[in-house]
Every structure is written in C-alpha cells, then in structure tokens.
J.: 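My questions will all concern the structure given below.
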Amino acid sequence: MHEKYQPQVVEEKWQANWAANQTFRVETDPTREKFYALEMLPYPSGKIHIGHVRNYSIGDAYAWYKRLRGFNVLHPMGWDAFGMPAENAAIKNNARPDDWTLSNIAAMRAQLQRMGFSYDWSREVASCTPEYYRWNQWIFIQLFKKGLLYRKKAVVNWCPDCNTSLANEQAEGGFCWRHATTPVEQRELEQWFVKMTNYCEELLAGINGELRDGWVGHVLKRQQDWIGRSDGAFVDFEVAGSPEVKIRVFTTRVDTIFGANAIIIAPEHPILKTLLSDAPNKKEVEAFAEKLAAMTPRERTESKEKEGVPTGLFAVNPFNGEELPIWTANFVLANYGTGALMSVPAHDERDYEFSRKYKLPIRRVIFGDIEDDGNSTLKFNELPYLDYGMLGPHCGDYTGMTSEKARQALAEFAKDKGFGESNVVYRIRDWGISRQRAWGTPIPMIHCPACGTISPEKEENLPVELPKDLDFSIGAPLANHAGFHAGVVCPACGADARRDTDTMDTFVDSNWYYFRYTDPKNTDLPFDPEVVKYWMPVDFYIGGDEHAVMHLIYTRAWSMMMRDIGLNHFGEPVKRLMTQGMVILDGRKMSKSEGHFVDPDEMIARYGADATRLSILFAAPVDREVDWKRVKDENGFNEYPAAEGALRFLARVWRLAHKWRERCLTVGDSQPVEFSEVQAAARRGTHRGLKRTTEAFEDGLRLNVAVAACMETTNALYEFDGTISGEGSATDAFVMREGLTALTLMLAPLTPHIAEELWAELGHAESVSKATWMAFDEKLAADAQLEIPVQVNGKLRGKLLVAPDIAEEDLKTAAFADEKVKPFTDGKDVVKVIVVPKRLVNIVVK
RNA sequence: GCCGGGGUGGCGGAAUGGUAGACGCAGCGGACUUAAAAUCCGCUGCUCCGCAAGGGGCGUGCGGGUUCGAGUCCCGCCCUCGGCACCA
C-alpha cells in the first residue's frame, strides 16, 4: 500500500486480479439463495456515455451489496448488437456491419472493465451472433405454430430515415423513436405481427397486482395508458334504404345513444367504399379522403381543427328509429374501436365542437338531477355534460334510469335483438416486427411461389444465417443476395422457394436476452427451463424509462408467450424495476455533435473509476435527474467538482487506513471488555454508519445517503484518530480496526477497487466480494447521552443532556428546571406536558 | 387539456408527524509551510438587539386546516419539469 492514493494503480491491479481469478463468475447453486441483478444492455455504438456509467454504477452497487449479504448473485452484461447504425456505417463506409459492431463491442467492453463493474463476463451475449439469433428464429417458429404470430397486410408506420416500418410503440406521438424529428408516414405492407392483444388482460393484471409494489409507478401508469382498456358496447346502425348494410360503432357511453345526431366514420374505413357507390356526396367524400391520405398522421393531428363531409346517406338509430346523417371526419381514427362512432354532442367534447361547427342538432339526454327537466336542452353553456347522471326525456323506456343501469340495459337489449353487445376495446395493437433492413435476425420463413404457402424453415436448418457478404450499396441486400435463397425449398411442396427477406425488429432480441444469460452456451434450446427456474425472475432491473412502452412491455408479453410454448413457468419476468434519472450537463441535455457531453474516459483518467462512480451516485437520488457541473482548469482541461470531492474523500480514507494498517494487523480476535468514552464514540460512528448504509440499501436503494453514511463514519474515525497520541492502546487499535473493516464493507458496493485494497491491507487473503456484510449493533449505535429538545407551545426553548434511560418523570422535572425554559413557563398555566421518550418534551401553557 | 414527478441555504441534497438544513460542493478563518499546493481543525439559512458573552424574531413555493407539535397529513392555488394528447 503506497502512502499516496493512486486510483489508476489500485484499479488496474484489482481489475487484473478479478479477471485472473474470475471473481464474479457464478454458477447455478440450489443450496444458495439467488439474486438476479440486471441492467439494460447497451447498443454498441462505440463508446459508453455517462448515462451508462450511472445506470451500471447503480446496478453494480446493488449486485455487490446482495453478494455481501450472502446471495448467489447473477450480474451479467451483453450487447443489443443488431440495428441501424451498423448498417448505415456499412452503407457509408463500405464496411461490414459485423466488423463494425464487433469492434465497437470490444472497445465498450474494455471501457466497462476499466470501470470495474462486477459482471460475470463468461455469460456475455451479443444478439448479432448466430448462436444468439438462432433462438430468435426458433422462438419465432414456435410462436407461429402456436398461433401467437401471424402475417397480415396492414397500414403500418414507416420512417423514411430508417427506411423501414415501425411498431406503434416506436412511433408514439407521430415521430420515429430513433429520429425524434422525423414524422412517420403510413404504408401498406405485408408484415409479421405478434399477438400482444392476447395478453392485454394478463398485462393489466400484472400492473394492478404482482408488479404494483416492485415496479416504479410511472412505468406501470404508462403501460396501463398504452394498453388503454375501454369498457363499452358495439352497436350496429343500418343504413337507411339499404338495411343489409350495417355500420358498427363502438361507444363507452351507450347510455347517451338517444342524443346521437350523426354517425361518423373514418375516411379510411373500408365500408366507405361500399357506401359511396350510391352516396349523393360521393365526389366530395372521395376528395376529402384523398386529401387526408396524403398527410402524415402527425400532420393530421397537428391541426386540431375538426373537419368533415356528409355522405348524404343516413343511418337508423336502432333504439328510436331516428335517421342520422352519415359523415366522415378527420378526427375519427380508422384503427381504434370499429373505426366509426356515434356523435353525441351534448355529452362529448369532440362531438360538441364538431356539431357546433357544422350546425348539427344538439339534444341533451343525461341530467345531473331528473328535476332538471327537458328545458335544459337549450342551455348550451352547460354543455357538453360529461358526467354520468339520469336519462331524461326522449329516452323511451329508459327515461329515469341512471347512466350506469342504462349502459347495461341498453347493451343487453341490443344483444337480444342482435344489433350489438357490450364489449371491451384496447388501444394497444399487435406488434408488427418485420423490418425492411438487412442487419437483423432473418425471419425464418419460406415463401413458395409454386404452392403459395408460407411455412417455417425446418428447425434442423436453423440458424438461417445472415450472409457475410451482403451488398449494402444496393437496396434490399437480402432480397438481392442469391446465396441467401440458394437451395431453399418449400417445406410444403418441395419446389424451389425464397426466404422472407425482412429481418426482425431488434426489440425481439432484447425481449429475452436476460433469459439467455442464465444459460448462455445452450445449443439445444434458448435456455434450459430448469436453469431458468433457479435464476428467474429477475430480482432487480434498472434502465432508462424511455423503454416504458417499448422494451418493458414487449418483454413482459414475450415472457408470457414463452411460457405458453412451454419454455418457462411464469408470466412476469421482472420483480422489481427502477429507472435512473437522466444525466444532463450544466443545465441542458448533452449533445455529442455540439461537444456538450461528459466523456467517461476523461473522468476515469483524471479521477479514477471509483471516484467517478462515487461522485455520480452521491450527486442525487438514483431516480432523479443529475445536473453534472463542469469547469475548466487553468490549462483548459475539464474539471468535475463532484468527482474532485469524491476523490478527496477516497484519499482521506486511504490515508487513515495507511496510518493504521500495521497496528490493525496486531489486533487479535478477543474483544476488549472496556471502552473509554472516545472509543465508544468511535464505535458509535462505526455502527451508526453501518446502520444507515444498511437501511439505505434495503429501503429504496438510496445510494446518495449510503455515500453520506460512509463519509460520516470516516469523519468519526478521524475524530477518534485525533484523540490518540503516539501509538495508542491495543483497544484503540481494535476500535480502529473495527471501524475500517465496517467502512471497507460499506464502500465495497460503491468503490470496489479501493475496498479490495483496504481489505487486503486489513489482512484478508480473499476478495472482499467473498466477505460477509457486518451486522450493526443497535446498542453501540445509540447515543451515550441524549440531547432532548424542550419546546414550549411547540417552539424550541431549551435542550437537555440526559441519560438514554431517564425516567419520564425525571425528564419532565428537568425540563421545567431548565434555565432557558423557565422564562416561558413561569407564571403561566401549564395545560399539558407531552413527553415523547428519547425524543422531546413539549410544555403547553396558556 | 389530461396524467405523473418536483418546489427545502449560494449549489447538489438530508430529515419513521417530534431539535429543519445530515453529507458534500462553493465560501470564510486557523494550524502546518520560507511560500504555495496538499492536509488537518473550525465557522458558514435570513434577520434584529448587543462591545461582548448571549438573546429575540423569521424561515421548507402561496393561502387555509388538522395537531401539543407540520417540510412531512388534509383542502384550495401558483410555478416548474416530464409523459400522453382528437382513443369514441
């Protein structure tokens, strides 16, 4: 141990030691309780950024802590290695995407190792390897056979920058998830879809049950909104004059149906074509539909202005026979509900706005109070009335019924008469996973031009490998690669056939990568269900919350689907989910192109990995944003005051340990029987620190508080050190050794390199990762004397120094006797005295 | 518009309904040093009275309420940061 703390030397020494000894390698061990700590795997862009550093520092701290608590901890890392940037680099630089990706992985792995994260690298996976994507294909085929995956022609989101289709989740808000300023377009394509909608209820049940306590609330909320369950009813409206044509609408407020004034259908609705053949306003409607079709979804919603065109046709309200005009309008979505709705202006804001604009009649049918009679129809300023209430006049047999009752009764009536039924509609739609890109998992399906079938590749032929020599200078490299299709025969008829030339969405890869970590070398199955039984589900998962309705919802459904094909035995794959806050720099988002970003390499070089980790953990609670501050030193180099402070603290710990290391080694096993007041105070600092750290880890992972506790303990030990002249006694050495041992264990999850060094200096031959967390002693952590505040009428007036076990009566007496308290109580009526043992005394006077 | 998170010193942030501001950053002072750096120790919410020792008042976005006691609980607002936004 050098006298001076040199982070680079210490860190490189222990990183080499860990690698040589495979310190963090774990095996399935049914005799031990497991803990699975997981961080979201990165895309190998080439460099890790400070957000990764924060994410992994948090995960690593927790993995370390659980290890010290005796768990068999699985803590793996891998690479989400398919995706566009590699393909773009291939197009631009004529490089091979696998070379580009693999060299990025090597560079980033080195960076992570230089940060000293405690991963079991023997379990590393990269999704772009055939060993991995082979199982994407295998699972794809099982899902296809099970009917959970199907092919359909559909209008899908298209990103012109990605040059591929996107899932709805990847086009939220009308923009591509990768290109935040590129509005998505709509295209009609044949696509493979995953039946997310089969799992709506199970996904919701998890949100409202199993996951309630373990998952961070806003992610559950967003998933719930995204699934978007609506309870309502379908009602069929016949077209006047052609009763064989029916328009089905969905409504959550069938109780308002007597106030309907129109049927409005989406311009893309297929029924429009049927209707138009003899619609009086055919031309106008077609022109309107064409105009809208030319717009991106974004453009359509950006202008809030509601626009519509009447078809000139009418539909019949099945409940009262009224003829309602059939319109088409821009605000009716083709892909929600039935693509058609009944307009009830008195009880819906949108319909109200639309009806006012086009001067359609408005009739109120729901009233807060039935006394509020039909005259209210004219009180437009009270409309729209959105609450439930009582059905008023014009509601036939239902007049006087509550909305709740009427919803049921009307739906039942419709069902009896065959023109509708109650129904549940979801906003979430099936997940389109075909991508028109070449750097992804080939879809293992064979299209036969001879017999017209599409059938899965034989399992023994998997993986369907991505050719190494794809030509990215032309469009559609897979379609145009002869070798990719050579020798492919139709499994159904044996004729020459062609492969599907799309690849899978990369979110398929990340659906189950953490299952693969449990059994990464398996060549017979994606993973052995028995191994998964031991390790899964994930106990702790942390990553960015941008994946709330992408990765985090896909992966839940995927786990359920894998269960349904017999791979695993549970539905929910993750018990506890946290999201870390963003890291911003000097008050604004980082931007590589503007040079406004933090380079982790630079920080490691200047402060070391330990100080870098410590500073970012200390900066804020894990779920809150960190505003990283940067200043320039006199030479123009970047300085990070937070890391500066962390380094200063670690050096302080180092110096104390260095000063005492020899004396600590002389301490025997037997504990001294008596301790002086200063020694007891030092032990109080030690045990209090342990207590605070333990609670910080156990209660919500409050790592910034854990760091503070380490600093407090260090300060207490320094204070103790200051009282010792010369060598000190054997008891002093015991107390210091106890303190340094505790401090080392407390630091191990936060700054593992220095902890390893301190641990070795304390005389241990094995890695601190094999050590056991120290239990704190509540008695030793307690104060020798308590400072009890005395309040008069709730205001602090004095403080008493008393023994912790003082009797309540004595405490009361002492409070009244206190010189500072007296002036406020003398000559006043004491109404009551509140004594909270060990906490305070409050005297209430009049 | 709807739904969340958050408003505490110069700054990041601590506080099971019980001494608000732990810990750190920045700042100030002292010790050590020929000097500086480093280090160690101390002070540091605002304000008023006092030469001082001391002491008083105010203080967790704003206004109410519950309570002996509120940063914390309840009601009503304001500001701010995110998310979703014609979902029938």
Side-chain angles (χ1 to χ4, degrees), chain A residues 4 172-174 216-222 224-226 228-230 232 249-254 256 264 266 300-306 329-333 335-344 347-351 353-354 425-428 545-546 548-549 581-582 614-615 618-621 623-629 631 640-642 644-646 648-649 651-652 655 692 695 699 702 704-715 718-719 721-722 787-799 820 823 831-836 838-845:
Chain A
K4 187 171 161 19
E172 228 190 316
V216 59
H218 69 269
V219 170
L220 293 181
K221 179 77 174 74
R222 281 192 63 192
Q224 180 152 24
D225 289 351
W226 187 255
R229 182 188 157 118
S230 287
V249 305
F250 175 71
T251 176
T252 54
R253 289 297 303 272
V254 71
T256 65
I264 313 181
R300 269 176 73 167
T301 51
E302 228 152 40
S303 135
K304 289 271 166 194
E305 185 64 23
K306 290 177 180 39
N330 62 348
F331 69 91
V332 182
L333 306 170
N335 46 15
Y336 183 78
T338 61
L341 57 83
M342 64 177 197
S343 159
V344 186
H347 304 293
D348 182 280
E349 265 175 79
R350 250 181 358 224
D351 297 343
E353 191 190 326
F354 189 76
V425 154
Y426 301 91
R427 183 180 123 114
I428 194 173
D545 65 0
E546 67 274 16
V549 293
M582 267 206 323
L614 194 72
S615 59
F618 188 45
D623 56 352
R624 277 244 268 279
E625 184 174 277
V626 162
D627 188 3
W628 215 233
K629 294 281 191 294
V631 295
Y640 299 92
E644 204 90 42
R648 204 176 300 158
F649 163 69
R652 187 168 148 84
R655 282 191 302 272
R692 283 199 77 190
E695 287 169 355
D699 168 27
R702 294 158 347 112
N704 57 326
V705 178
V707 176
C710 293
M711 291 171 168
E712 282 163 13
T713 298
T714 305
N715 291 344
Y718 261 90
E719 198 170 322
D721 175 65
E787 195 186 58
I788 303 287
V790 180
Q791 301 179 338
V792 178
N793 289 347
K795 278 193 190 266
L796 180 68
R797 295 303 180 187
K799 290 174 185 174
K820 294 202 174 129
V831 179
K832 73 168 143 174
V833 181
I834 288 138
V835 179
V836 184
K838 300 191 176 193
R839 290 242 90 126
L840 62 35
V841 179
N842 188 12
I843 301 167
V844 186
V845 298

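A quick note: this is a predicted structure, and the numbers were derived from the prediction, not measured. Per chain, numbering begins at 1; letters A, B, ... match sequence-line order.
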J.: Looking at every strand, decide which applies to A:V332 at a 4.0 Å heavy-atom threshold: base, sugar-phosphate, or nothing.
T.: base

J.: Between A:D348 (side chain) and A:S343 (backbone), is there a donor-acceptor pair under 3.5 Å?
T.: no

J.: Please list, chain by chain and in numerical order, all residues satisfying side-chain hydrogen bond (donor to acceptor under 3.5 Å, both in side chains) with A:R222, sequence neighbours excluded.
T.: A:E172

J.: Roughly how many Å is it from OH in A:Y718 to P in B:C40, rounded to a whole number?
T.: 5 Å

J.: Please enumerate all residues that pass salt bridge (charged side-chain N to carboxylate O under 4.0 Å, His left out) together with A:E695, with sequence neighbours excluded.
T.: A:K691

J.: I need the CD-C1' distance between A:E172 and B:G83, as an integer number of Å.
T.: 8 Å

J.: Among the candidates B:A88, B:C86, B:A22, find the nucleotide nearest to the side-chain atoms of A:N330.
T.: B:C86

J.: Which nucleotide in the list B:C25, B:A88, B:A85 gets nearest to the side chain of A:L341?
T.: B:A88

J.: What does A:R655 touch in the nucleic acid at a heavy-atom separation under 4.0 angstrom: a base, only the sugar-phosphate, or nothing?
T.: sugar-phosphate

J.: In the 5'-to-3' direction, what one-character label does each nucleotide of nucleotides 1-9 of chain B receive under the scheme B = base within less than 4.0 Å of a protein heavy atom, S = sugar-phosphate only, - = no such atom?
T.: --SS-----

J.: Who passes side-chain hydrogen bond (donor to acceptor under 3.5 Å, both in side chains) against A:E349, sequence neighbours left out?
T.: none

J.: Take the protein atom CZ of A:R692 and the nucleotide atom C1' of B:G13, then report the distance between them rounded to whole Å.
T.: 12 Å

J.: When the distance from CZ of A:R350 to P of B:C87 is rounded to whole Å, what number comes out?
T.: 4 Å

J.: Output all residues satisfying ring-ring contact (aromatic ring centres under 6.0 Å, His included) with A:Y336, sequence neighbours left out; order by chain, then residue number.
T.: none

J.: In chain order, what residues pass the ring-ring contact (aromatic ring centres under 6.0 Å, His included) check against A:F618, with sequence neighbours excluded?
T.: none

J.: Does A:R652 put a side-chain nitrogen or oxygen below 4.0 Å from OP1 or OP2 of B:C40?
T.: yes

J.: A:S343 side chain N/O closer than 4.0 Å to the phosphate oxygens (OP1, OP2) of B:A88?
T.: no

J.: OP1 or OP2 of B:C25 less than 4.0 angstrom from a side-chain nitrogen or oxygen of A:R648, does that happen here?
T.: yes

J.: Restricting to side-chain hydrogen bond (donor to acceptor under 3.5 Å, both in side chains), what partner residues turn up for A:E787, sequence neighbours left out?
T.: none

J.: Over how many whole Å does the gap from A:L796 atom CG to B:G21 atom P extend?
T.: 10 Å

J.: Among residues at least two apart in sequence or on other chains, which ones pass side-chain hydrogen bond (donor to acceptor under 3.5 Å, both in side chains) with A:K820?
T.: none

J.: Quick one, give me the B/S/- string for nucleotides 27-33 of chain B, reading 5' to 3', where B means a protein heavy atom under 4.0 Å from the base and S means that only happens at the primed atoms, P, OP1 or OP2.
T.: -------

J.: Return the value, rounded to whole Å, for the distance between atom CD of A:E712 and atom P of B:G21.
T.: 13 Å

J.: B:C84, B:A88, B:G18: which one has an atom nearest the side-chain heavy atoms of A:R427?
T.: B:C84

J.: For nucleotides 55-61 of chain B, read 5' to 3', which letter fits each nucleotide if B means a protein heavy atom sits under 4.0 Å from the base, S means only the sugar-phosphate is that close, and - means neither?
T.: SSSS---

J.: Under 3.5 Å, which protein N or O atoms sit close to an N or O of nucleotides 64-71 of chain B? Give each pair with its distance.
T.:
residue: B:C68; atom: O2'; partner: A:N842; partner atom: ND2; Å: 3.3
residue: B:C68; atom: O2; partner: A:N842; partner atom: ND2; Å: 2.5

J.: In terms of base orientation, is B:G9 syn or anti, with the syn window spanning 90° either side of 0?
T.: syn

J.: Once you round it to whole Å, what is the distance between P of B:A15 and CD of A:E695?
T.: 11 Å

J.: Anything below 3.5 Å on both distances counts as a pair; with that, list the stems of at least three consecutive Watson-Crick or G-U pairs involving RNA chain B.
T.: B:1-7 with B:78-84, B:10-12 with B:23-25, B:27-31 with B:39-43, B:45-49 with B:54-58, B:61-65 with B:73-77

J.: How close or far is atom P of B:A14 from atom CG of A:N704, stated in whole angstroms?
T.: 5 Å

J.: Would one find a side-chain N or O of A:N715 under 4.0 angstrom from OP1 or OP2 of B:G24?
T.: yes

